[in-house]
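Below is one structure, written out as structure tokens, with a few remarks after it.
Within every chain, numbering begins at 1; the chains are lettered A, B, ... in the order of the sequence lines, protein sequences first and strands thereafter. We use all heavy atoms of the structure for the numbers below, so side chains are in, but hydrogens, waters and symmetry mates are not.
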2 protein chains.
Amino acid sequence: MKKIPFPVIQRLSYVFEIINKLEENGIGKISSSELGGYLGQTAHTIRKDIHFLGIAGTPGTKYEIADLRRLLIDHLGFGEPKRCCIVGLGRLGEALLEQLLAIPQDAFAVVAGFDSNINRLETIRTSIELFPAYRIEKTVRKLQIELALIAVLPQQAQEAADRCCDGGVRGILNFTPAVIKPKRKGVFVRAVDVSGELRILAALAYTSTANE
Amino acid sequence: MKKIPFPVIQRLSYVFEIINKLEENGIGKISSSELGGYLGQTAHTIRKDIHFLGIAGTPGTKYEIADLRRLLIDHLGFGEPKRCCIVGLGRLGEALLEQLLAIPQDAFAVVAGFDSNINRLETIRTSIELFPAYRIEKTVRKLQIELALIAVLPQQAQEAADRCCDGGVRGILNFTPAVIKPKRKGVFVRAVDVSGELRILAALAYTSTANE
DNA sequence: GCAATATTGTTATTATTTTCACATTTTGAT
DNA sequence: ATCAAAATGTGAAAATAATAACAATATTGC
Ligand SMILES: NC(=O)c1ccc[n+]([C@@H]2O[C@H](COP(=O)([O-])OP(=O)(O)OC[C@H]3O[C@@H](n4cnc5c(N)ncnc54)[C@H](O)[C@@H]3O)[C@@H](O)[C@H]2O)c1
Ligand SMILES: NC(=O)c1ccc[n+]([C@@H]2O[C@H](COP(=O)([O-])OP(=O)(O)OC[C@H]3O[C@@H](n4cnc5c(N)ncnc54)[C@H](O)[C@@H]3O)[C@@H](O)[C@H]2O)c1
């Protein structure tokens with residue numbers, strides 16, 4: 001099977017979100033141009049992206065959403081819920097916990113939370129199990145957790161990520177400004193950094209006007 | 001001046017963050033390979049990126065951080081603090097507010113918050129001015145706000161963004177899962193979507209193993 | 001001083017990604 | 001039935017970005 005390029009994966013992930021919502025609203029078909037509209041992309045791009053999944057529609061007709069969904073599940077692994085954990089249950093960590101538990105998510109299941117501060121573990125009221133930080137590795141392995149959200153202070157980010165890697169996670173979502181490197185091969189890291197995003201926006205706006 | 005490609009802007013924004021921290025710690029020089037290490041990139045890439053700024057260093061020597069900083073300020077507009085506002089002061093909005101006010105930021109200044117719920121405006125204790133949502137346009141114009149962080153419910157995201165555009169913002173950082181389209185040309189939009197990021201991570205992990 | 005080493009500047013090459021073009025197929029109206 | 005319109009499938013072209021290669025320059029140790 002040919003490797004799917006990263007930008008394509010990124011867009012197809014959004015496509016999956018969109019068709020799920022449409023399906024809930026009883027919509028059964030969608031065209032490449034409509035999808036393009038939602039994503040801010042052209043119909044060309046969408047068709048080419050879908051092409052990476054193998055044949056999904058028939059010419060002349062729109063895409064059958066059910067078919068599209070099935071293909072995305074098969075090729076991108078969106079079938080069964082991914083088990084996640086949150087490391088660092090401060091303000092951000094707790095907000096993330098609430099957010100992910102509140103929204104009815106068929107795609108992700110938060111099954112554990114970790115913090116080095118025992119007081120935090122006793123303070124937070126939630127339906128999932130909470131553990132001290134030194135038990136990250138064992139717990140991740142035991143519960144077969146695949147994804148970790150890192151929301152500790154930047155200084156501890158790498159160490160927290162290393163423990164998750166040791167436990168066997170497959171992906172890390174880093175909310176701290178620190179740069180995290182995966183300890184093992186095959187672990188993917190992505191960052192969510194507010195200051196960084198703002199800086200990029202500022203630079204985009206600036207360079208676009210500076211060139212006029 | 002030649003247009004700087006987006007990936008380059010993205011990386012140079014991180015470079016700016018890194019050299020600021022190093023400068024605080026009294027470090028005066030840095031090499032392309034060291035920078036590459038921080039960013040998870042090769043020295044080649046870093047040198048090529050810096051090359052877009054015009055000449056920054058001299059062969060044989062490392063980069064003078066002060067020079068690099070000056071060039072980044074000139075070319076990417078990181079000189080004076082950018083004025084920001086937060087639209088939607090729920091759990092996430094309040095957390096963002098605290099986060100951006102807490103960290104001593106020379107790059108960004110949060111100068112206003114907006115919410116449609118008057119009760120929220122009276123509940124939150126903060127040092128910046130808070131306004132009802134219907135005053136977004138006027139306030140953004142008056143305070144010359146350049147960047148907006150959108151943290152309302154997804155259904156209201158486009159409307160909130162439109163008002164910010166009307167007021168004249170240059171960039172929008174969208175924290176909701178809704179897709180936002182800029183109302184005016186020249187307004188840049190970026191999204192921070194936890195579910196989306198998780199899905200991308202999951203897909204990356206899945207496709208990497210499915211191909212083995 | 002000079003050679004060895006380390007480091008940047010710049011061009012060239014390669015790979016990736018986007019965009020385009022058009023053939024093919026279905027639907028629906030006349 | 002037939003034609004026009006609309007939609008996807010797919011390969012080619014163009015644009016963009018990453019990687020590599022190497023020349024040029026400074027520093028350091030001897
Ligand atoms: N990307 C975003 O959207 C965003 C927004 C706000 C904050 N942040 C970042 O998120 C991080 C957390 O912010 P916060 O406001 O929640 O901070 P916080 O101080 O409220 O929370 C940090 C928590 O991490 C715990 N912790 C420390 N070391 C640990 C370890 N080794 N293992 C497990 N837990 C550990 C602490 O006990 C604490 O509860 C910071 O790095 C901050 O910069 C990111
Ligand atoms: N990207 C992330 O990291 C992340 C994390 C958590 C939540 N979220 C998203 O952020 C959004 C807010 O989440 P939350 O938990 O803070 O929700 P919330 O309900 O606590 O807050 C929403 C706030 O927006 C206000 N509001 C509604 N309509 C408005 C309008 N037109 N103008 C101004 N204000 C308006 C409401 O009064 C409320 O105070 C949601 O879309 C959620 O999905 C994103």
Side-chain angles (χ1 to χ4, degrees), chain A residues 1-15 19 22 27-72 75 200 203-204 207-208 211, chain B residues 1-15 19 22 27-72 75 200 203-204 207-208 211:
Chain A
M1 190 194 297
K2 199 180 173 324
K3 181 171 152 284
I4 302 179
F6 174 72
V8 176
I9 289 180
Q10 204 165 11
R11 286 191 297 265
L12 286 178
S13 297
Y14 275 103
V15 167
I19 64 176
L22 293 176
I27 298 174
K29 296 183 167 195
I30 191 167
S31 70
S32 54
S33 55
E34 285 170 298
L35 278 173
Y38 284 110
L39 284 152
Q41 301 283 337
T42 69
H44 288 127
T45 307
I46 302 298
R47 282 210 300 281
K48 198 115 182 56
D49 290 349
I50 290 174
H51 192 223
F52 277 97
L53 307 176
I55 296 168
T58 49
T61 73
K62 298 184 175 185
Y63 291 103
E64 207 67 57
I65 286 185
D67 295 350
L68 212 47
R69 192 154 183 284
R70 163 60 37 200
L71 278 171
L72 285 167
H75 284 76
I200 291 167
L204 280 175
T207 54
S208 77
N211 290 339
Chain B
M1 190 195 297
K2 199 179 173 326
K3 182 169 152 285
I4 302 179
F6 174 71
V8 176
I9 288 180
Q10 205 166 9
R11 286 191 298 265
L12 287 178
S13 298
Y14 275 102
V15 168
I19 64 175
L22 293 176
I27 298 174
K29 295 183 169 196
I30 191 167
S31 70
S32 54
S33 56
E34 286 170 296
L35 277 173
Y38 284 110
L39 282 154
Q41 301 282 338
T42 70
H44 288 127
T45 307
I46 302 298
R47 282 209 300 283
K48 192 132 213 314
D49 289 350
I50 291 173
H51 192 225
F52 276 98
L53 307 176
I55 295 168
T58 48
T61 72
K62 299 184 175 185
Y63 291 102
E64 208 66 59
I65 286 185
D67 295 350
L68 211 48
R69 191 155 185 285
R70 163 59 40 200
L71 278 172
L72 285 168
H75 284 75
I200 290 167
L204 280 174
T207 55
S208 76
N211 291 339

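Contact record, B:Ile65 with B:Ile27: CD1-O, 3.6 Å, taken as the closest heavy-atom pair.
In this structure, A:Arg47 places its CZ atom 12 Å from C1' of C:dA23, rounding to the nearest Å. Rounded to a whole Å, the CD atom of B:Gln10 is 11 Å from the P atom of D:dA17. Computed from coordinates, the B:His44 NE2 to C:dT11 P distance equals 15 Å when rounded to whole Å. Atoms NZ (B:Lys62) and C1' (C:dA6) sit 9 Å apart, rounded to a whole Å.
OP1 or OP2 of C:dT18 sits under 4.0 Å from a side-chain N or O of A:Arg11. A:Ser32 has a side-chain polar atom (N or O) that falls below the 4.0 Å cut-off from OP1 or OP2 of D:dT8. Applying the 4.0 Å criterion to OP1 and OP2 of C:dT10, one finds that B:His51 has a side-chain N or O inside that range.
Of the candidates D:dT25, D:dA7, D:dC22, the closest approach to any side-chain atom of A:Ser31 belongs to D:dA7. Nearest to the side-chain atoms of A:Thr61 among the listed nucleotides C:dT18, C:dT10, C:dT26 stands C:dT26.
Along DNA chain C, the nucleotide nearest to A:Thr42 and the one nearest to B:Tyr63 differ in position, and the one closer to the 5' end is contacted by B:Tyr63. Between A:Gly60 and A:Thr45, the residue whose closest nucleotide on DNA chain C is further toward the 5' end is A:Thr45.
For the pair B:Tyr14 and B:Leu35, the minimum side-chain heavy-atom distance is 4.5 Å or more. Side chains of B:Arg69 and B:Tyr63 form no contact here, defined as non-hydrogen atoms less than 4.5 Å apart.
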A:Leu12/A:Leu53 under side chain to side chain contact (heavy atoms under 4.5 Å, CB included): CA gap, chis, key distance, verdict: CA-CA 10 Å; A:Leu12 286 178; A:Leu53 307 176; 3.9 Å; yes

